[in-house]
Amino acid sequence: MNWEPWTGCYPLSEGCTNCYYYGPHAKRYGQNTIQKTDKFDWPLRRNAKGEYNIKGNKILATCFATDFFLPEADEWRKEIWAIIKERSDIDFLILTKRIDRFPVSLPADWGAGYDNVYLGCTVENQSSADYRLPLFLSYPIKRRFIACAPLLEAIDLTPYLQRVEHVSVGGETGREARECDYEWVLSLREQCVQAGVTFWFKNTGSFFRHDGAVEKINPFKQASRAKELGIDITDGKRLF
Ligand code: SF4
């Protein structure tokens with residue numbers, strides 16, 4: 001289940017070049033205009049019986065069509081943190097490319113972090129990993145994961161894996177998408193094996209290089225194609 005309290009974004013780094021939400025979506029919906037949605041307070045809404053509309057024990061993917069740490073949302077984020085605190089029965093899964101803005105608008109009672117926040121730092125290449133991940137590890141966050149997406153080159157994550165729970169990897173989707181090389185994916189998997197971290201090959205991307213050739217894969221088949229390779233490491237945990 002996704003919760004988008006605001007909409008809109010704009011490119012930050014190389015991984016954003018072909019962002020679906022920024023490209024065609026932007027033309028159609030004005031995606032580069034950052035604004036609150038009508039779901040802003042959705043987790044707190046109740047039905048006629050006074051029960052929350054969204055029941056507990058769920059994972060809410062939060063701001064997956066924008067960025068949680070956009071500067072334009074700094075004031076709104078204070079309210080969102082309060083909502084997240086109130087709904088301690090829901091796990092909020094947050095992904096960001098702007099982890100360096102994490103301290104801005106952090107609640108005074110954040111302490112070592114809220115138990116129900118699972119924060120993912122997105123990296124697409126070695127330079128973004130080497131800039132974002134030391135910051136990511138330096139902040140008080142209880143549950144961390146790394147999302148390598150869209151994977152644009154081989155990445156060495158070994159200096160950063162000790163204090164993360166999970167790594168996900170995905171290729172880029174779209175007509176202009178850059179290739180995702182299976183060797184890069186397997187290297188990341190091996191790093192996760194060595195570090196004892198769970199691993200999810202989420203999708204192949206549109207142009208998947210393996211066995212000396214590039215396979216073009218329909219967007220609706222990229223996840224199943226990745227899954228059939230059978231390289232996920234779940235350790236009995238639920239991957240998301
Ligand atoms: S930060 Fe994320 S949502 Fe924003 S433009 Fe980049 S890829 Fe798209």
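Remember, it's 1-based here, ligands and their atoms both numbered in the order they're listed.
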In one Ile/Leu/Val/Met/Phe/Trp/Tyr side-chain cluster, 4.5 Å: Leu95, Leu12: no
Any idea which atoms of ligand 1 are less than 4.0 Å away from a heavy-atom of Tyr10? 4 (Fe), 5 (S)
Which of Glu228, Lys227, Arg225 passes side chain to side chain contact (heavy atoms under 4.5 Å, CB included) with Thr204? Answer is Arg225
Note: heavy atom closest to atom 4 (Fe) of ligand 1, options Cys9, Pro150, Cys63, belongs to Cys9
For Lys97, the ligand 1 atoms with a heavy-atom partner under 4.0 Å come out as 1 (S), 7 (S)
Should Arg87 and Asp89 be marked as a salt bridge (charged side-chain N to carboxylate O under 4.0 Å, His left out) after you check the CA-CA gap, both sets of side-chain angles, and the distance that decides it? CA-CA 5 Å; Arg87 290 305 308 266; Asp89 55 337; 2.9 Å; yes
Among Arg143, Lys142, Glu165, His166, exactly one meets side chain to side chain donor-acceptor pair (under 3.5 Å) together with Tyr118. Which residue is that? Glu165
Hey, which atoms in ligand 1 end up nearer than 4.0 Å to a heavy atom of Arg98? 1 (S)
I'd like to check which ligand 1 atoms, numbered from 1 as shown, lie under 4.0 Å from a non-hydrogen atom of Cys19. 3 (S), 5 (S), 7 (S), 8 (Fe)
Using ring centroids (six-membered ring only for Trp), state whether Trp81 and Phe68 fall under 6.0 Å. yes
